[in-house]
Every structure is written in structure tokens, then in C-alpha cells.
Amino acid sequence: MITPCKEREIDFLIIGAGPAGVQLGYFMKRAGYDHLILEAHDRPGTFLEKYPRHGKLLSINKIHTGYSDRESQLRYDWNSLLCDDDEMAFGKYSKEYFPSTEDYARYTRDFVERFDLDIQFNTRVESVEKKDNGAEGYVVRDNHGTVYHVRCLVVAVGVQKPYIPEIPGIELTENYAEMSIDPDDFAGQRVLILGKGNSAFETANHLISATRVTHLCSPSPIKMAWQTHFFGHLRAVNNDFLDTYILKGQNSVLDATVDSIKKVDGEYHVEITFTHAEGQRASLAYDRVLCCTGFSWDPTFFSDNCRPDMACEDRLPAMTSGWESTNLPGVFYAGTITQIRDLKKTMSSVLHGFRFNTAALFNLLAERYMDVPWPADSFESTPENIADKITAQVSSAAGLMHQPGFLGDCLVVDDETGTANYHANLAVDYIQDSHFADNPHYYIITMEYGEFEGDIFNKHRIPDAAKGYDDAYLHPRIRRMCRGQLISEHHISESLENDWRVNEHPGERPLIRAIDFIGQTDATRYQQTHRDQLLRFLSEQLAVGSPSESEMPAIVCPSSSSNASASLPSAIHSTGNSCPISRNG
């Protein structure tokens, strides 16, 4: 238990004891850094005690993976916080594939207690101000009157403020955060739900048996997570409602703009304009209108002279590739608000993604404030050694899999000493913005989806291991870089089990006994085929070595095919105001 004092100097102050604040606090505690977490409530993780409202998480909890090493297990365990104690795996708390919010809240509390994290509860931040005379750091005041002089401030407060779209009459609606979740309260009623995200469909599924009719409405069509690979889009576990729409069960999904909401004679008259019907309008009457349009971040605890830049229609803070405020140096962000950097692309909005962002942020802060170099494994830079390391990482590292194209590993080769330094789990755009990009010979290793069109379940494939660049499913991608410029790249073709290690497999007995590739003489050696392709690429690149500055303009990217992309993954840098979120959710 932390005892408040009236004034304190501190290196790292973390605001919020949700999963991100707790995760960062664990790393800080383990390193022995001077830090403190401030939490407004009397316990950690209170947001997840209430949301999702209907008590079920969307994050999977797969117990039986066949793997015994913790890192590989984390690929299919989306709920555990990162730590060195296997007993703190979330699978010890629930066996349900989609676990309950109650179990997760209990897990978070136990995690804090197990590692005796430095959290001061019942402490609300009242203001954040810049230090006088341009000095480094910030002055933070809490509701007890304590003043903290902070070198580095990390904001891990999530999106707890309901987002209310600007619609005339929106004040007449019931918000997702406060509405009833008892189906009996909706028996026989006509219900309109604003929004088509998971909270909207979660609510609609819950009410199917009770309402006379349920409509979901927003201007944009539904996007399915299994098609976009973004886990914030509609998940299959929430789409039962679609059957009742397509198969004419009195329910509907409307692509329309809500123009106004009025209450007339005890019912709600809603004027809409259909999105894909040449401006067709309609007037519909409902007994209830529910607003399920998501949440936004609330920056009001920052003082007027210290307001952070905002993005995405002022719903999220703007930040750099190092998760630092674009206008407040020394203010960093952690948790779901970091989604602005990969908005609707990868998984920074949810725990199984942002826990790895948080691990990267910790290493970044340690390097910047404590002069601790980014962790690295060092070894002789032979093609075999590098191939072994890359193959092990892409076959087990959970961060690469959960943040495809957003997080990556960076392998730096020193051609003079013949040493390779392998740095794991960095944001790809941070690699390019940092000192790593000053190196004349380095590699960025990611896992990424390929391009595909049409039916995702009807994808034609060419079984050629040399043409991994054509694969649509998640697969490793290795880019050879020189001083920020792409030199060459190699794709390892996709694997049914996302494991490319030779003679290794999940579980006691292998699932895959043979896979035939074009040009392969022995189908049982399919893993060796992947390795041979990677070794060939690495041997060519190591032979080239580091080009001089004068040679750089003459370098041409010898990609595996004319179809192979020469670009790096693009994350969204939120310095502007654009936001692909519709005004009705």
C-alpha cells in the first residue's frame, strides 16, 4: 500500500491501473525504476468489471495449444499479462474460450497483488502542467493535494467516455454505458440500435428473444473481422443477429445516416437517409433508441496550457512512432489509446496487442531515460545462425503474430566484426524513425497478411515455396534495409500451424506429416524447403554486405518477384484530423 505524501520527485508516473498501466508497472517494478501508478478507484481494472456490458470478453482463451513454452502459448492466450511467472497465466482462472469479465477483473487484482505493484489507489489526477522555465518534465496534482514532479508521464487511461455522435435528438437515446441489459425490459418493443460495432451486435444478440423488431443503423456497411483481420470489426461470436436479418426474422441492418430523432406521443420518430439507395429517405418509429457508438479518450485532466494534440475527431490523443505526445515531450501513452497508430488495422486497441506495445514502450523509456540499451541477442552473423533466430522468432513470438506489420524485430549486422544483434518487439515505424535506421546493414522481420480480393474462403493458391509474396494468409516477411532504405525482401510462405522450425511441431505428435511444394522431391521435408529459401536469401545479402553512402543511389531492390511490394507496413501517424469512424458509429 502506497502512503500519499504532499510532494514527491519521481522518474516515471503512470496514470491508470487498467491492464496497460499494470503491465507497464510490472516491467518498472522488475527493473527497480523509480515509479508510481495512480488509480482513481480502490482496485485495478475496474473498466473490465463492466465492459462488455453483457459479461463476455471477445478475447480467446485457448488452453490446449500443444506448446509447452510460454511464448508460443501466448499466441493463443489473448488475456494474460506478460510476466515471468507461468502461474499467472489467465488459463489458471478460466477454461472458457470466451471468458467472463468477472474472471478477468479477478485476474487483474491477483496480478497486482502477486507482484506487489506500486499503485496508489483512490487517487484521481486533477491536473497536469508543464514545469516552469521550460524545464524537463511535468507537475501533476492529485485529489489529495499531493504534487508530483515527474520526469516522464505515461497516460494509461483508456477510452472511458462514451462517444456521442452529433445527431439532432441524440440526447433522447439510451447509451450503451447505462442502458438496461435485462431482455424483459425490451419485451415486445421496436428497438433501434445506433452503431454496427461489437457493442451494437452484442446488444442486439442479447435482445433477439425479447424485441418485436430490432434495427441496427450506421452509414457504413458491416466489416467482418475474419475478412479485414482487424479484431475490432464484427466478430463471429457476435454475429448471430445477422441470421435473423438475412433469413427474415423481423430484424434489419440499415446502412443509413440518422438525420434526426424526435419523441412524439411516447415513441421515437427517426428520420434516416439510406447510404446506397440514391438518397432514399424514411421515417421510422421505435419504442427505444440505444446508442452503441463506442468510446473516446477524455483529456480534461490536462491543464489549459498543457493540452495534448488530439486526432480522430478528437476521440484519441495524437502520438509519435514512439507513443509520445506529438506536442508534449515526455508524455507517453499506453493501452487502448495507442490504437491511433494502427487505427482499424491491427490490434493496439485490445489487450492481446497493446500488452506487446507496452513491452516495447518500456524498452524505449529505459533507453531514453535510464541509458539502458535496447535488449539484444548477439551472435556470429552467419546465414545459418540468422536463419535459426528468425525462424524461432516467427514460429513463437506472440507480438509478431498479434501485431502483424506493426510490431517487428530488428536484426543489425556489423560487417566489420561479423556480429549480429537481434532486437525483438519494436514498432516498425519507430525502427525507421530511430537510431536503428542509421545502420548500413539491418533487417526488419514481421509477420503480415498478403493482399487478396473477393471471397476470403475461396482463395486460389500456387503451392510454390518460392512465391510466398503471393500468400494471402499471415506469413513472415524479412526486409533487408540500409540507412532507412529498402534493399531487398524475402517472404516465407504460409504455414498451417504458423511454425517454420525444422523437425519441430506443437504437441507430442505432429499434425502435418507432409506438404507438397512445386520443385520439392520429398514432401516430408516441407519445413526444410522454407529454410533453404531463407538461407539462400540471407547468403546473398550477407555477401553484399554494407554499401557505402556513394553506392546507395545505384542500389536496386531485387525483390522476389515484380509483384512483391517494396514498401514498409504503414501505421497511422495521428498528426492530422482524419478518422475512418463514421459519425453514427
Side-chain angles (χ1 to χ4, degrees), residues 15-16 18-21 47-48 50-53 58 125 128 154-168 170-171 173 175-178 193-203 217-220 222-223 225 228 230-234 257-258 290-302 304 306-321 323-328 331-351 353-354 357 406 570-585:
I15 304 177
F47 185 84
L48 287 171
K50 184 175 181 180
Y51 301 105
R53 289 294 312 280
L58 294 180
V125 171
V128 176
V154 181
V155 181
V157 179
V159 285
Q160 302 193 22
K161 179 182 176 182
Y163 172 69
I164 309 299
E166 295 181 1
I167 299 171
I170 192 68
E171 69 279 0
T173 66
N175 193 272
Y176 174 75
E178 305 297 338
I193 299 174
L194 302 181
K196 294 201 197 94
N198 281 296
S199 62
F201 273 90
E202 164 206 334
T203 302
C217 182
S218 79
S220 303
I222 299 166
K223 292 184 178 179
T228 66
F230 171 60
F231 289 64
H233 286 147
L234 181 59
T257 298
V258 176
L290 310 180
C291 188
C292 299
T293 52
F295 294 84
S296 61
W297 182 63
D298 185 0
T300 54
F301 57 89
F302 282 86
D304 289 341
C306 190
R307 290 286 185 184
D309 284 343
M310 299 292 288
C312 190
E313 298 178 351
D314 290 338
R315 293 179 68 170
L316 293 167
M319 61 191 72
T320 69
S321 62
W323 294 288
E324 187 174 17
S325 169
T326 54
N327 69 313
L328 299 176
V331 173
F332 292 83
Y333 301 105
T336 188
I337 54 178
T338 63
Q339 67 183 279
I340 193 62
R341 287 192 43 219
D342 56 345
L343 196 62
K344 295 185 180 290
K345 292 179 180 291
T346 53
M347 271 54 80
S348 293
S349 61
V350 288
L351 171 65
F354 71 61
N357 293 2
F406 180 73
S570 59
I572 294 180
H573 293 271
S574 302
T575 55
N577 296 315
S578 62
C579 176
I581 298 179
S582 63
R583 77 181 183 96
N584 290 62

Could you check whether any side-chain heavy atom of Leu194 comes within less than 4.5 Å of a side-chain heavy atom of Cys292, counting everything from C-beta outward?
no

Answer with yes or no whether the side chains of Thr228 and Lys223 bring together a donor and an acceptor at under 3.5 Å.
no

Closest heavy-atom pair and its distance - Tyr163, Cys291:
O-SG, 4.4 Å

Residues forming a ring-ring contact (aromatic ring centres under 6.0 Å, His included) with Phe301, sequence neighbours excluded:
none

N-O pairing of Glu178 and Lys50 below 4.0 Å
yes

Restricting to non-hydrogen atoms, name the atom on Pro162 and the atom on Ser296 that form the minimum distance, rounded to 0.1 Å.
O-OG, 4.3 Å

For a quick test of reading the model, state the closest non-hydrogen atom pair linking Gly335 to Ala20 and the distance between them.
CA-CB, 3.3 Å

Distance, nearest 0.5 Å, that separates CZ of Phe354 from OG1 of Thr338
7.5 Å

Just checking, Arg341 and Trp323: is the charged tip under 6.0 Å from the six-membered ring centre and within 45° of the axis?
yes

Out of curiosity, Met310 CE to Met319 CE, how far, rounded to the nearest 0.5 Å?
9.5 Å

Can you tell me how far the CG atom of Asp298 sits from the CG atom of Asp314, to the nearest 0.5 Å?
11.5 Å

CG/Leu316 to OG1/Thr336 distance, rounded to the nearest 0.5 angstrom?
7.5 Å

Check: Tyr176 main-chain N/O paired with Arg53 side-chain donor or acceptor under 3.5 Å:
yes

Distance, nearest 0.5 Å, that separates CZ of Phe295 from CG of Asn175
7.0 Å

Scanning both residues in full, the closest heavy-atom pair of Ile340 with Pro317 reads CG2-O, 3.3 Å

Applying side-chain contact (heavy atoms from CB on, under 4.5 Å), run through Cys306 and Leu328 and close with a yes or a no.
CA-CA 8 Å; Cys306 190; Leu328 299 176; 4.0 Å; yes

Should Val157 and Trp297 be marked as a side-chain contact (heavy atoms from CB on, under 4.5 Å) after you check the CA-CA gap, both sets of side-chain angles, and the distance that decides it?
CA-CA 8 Å; Val157 179; Trp297 182 63; 4.2 Å; yes

Partners of Asn327 by side-chain contact (heavy atoms from CB on, under 4.5 Å), sequence neighbours excluded?
Pro308, Asp309, Ser325

Please report the closest heavy-atom contact between Gly232 and Asn198, naming both atoms and the distance.
O-ND2, 3.1 Å

Would you say Ser199 and Glu202 are linked by a side-chain donor-acceptor pair, where the criterion is simply a distance under 3.5 Å?
no

So how far is it from Ser349 OG to Asn357 CG, rounded to the nearest 0.5 Å?
10.0 Å

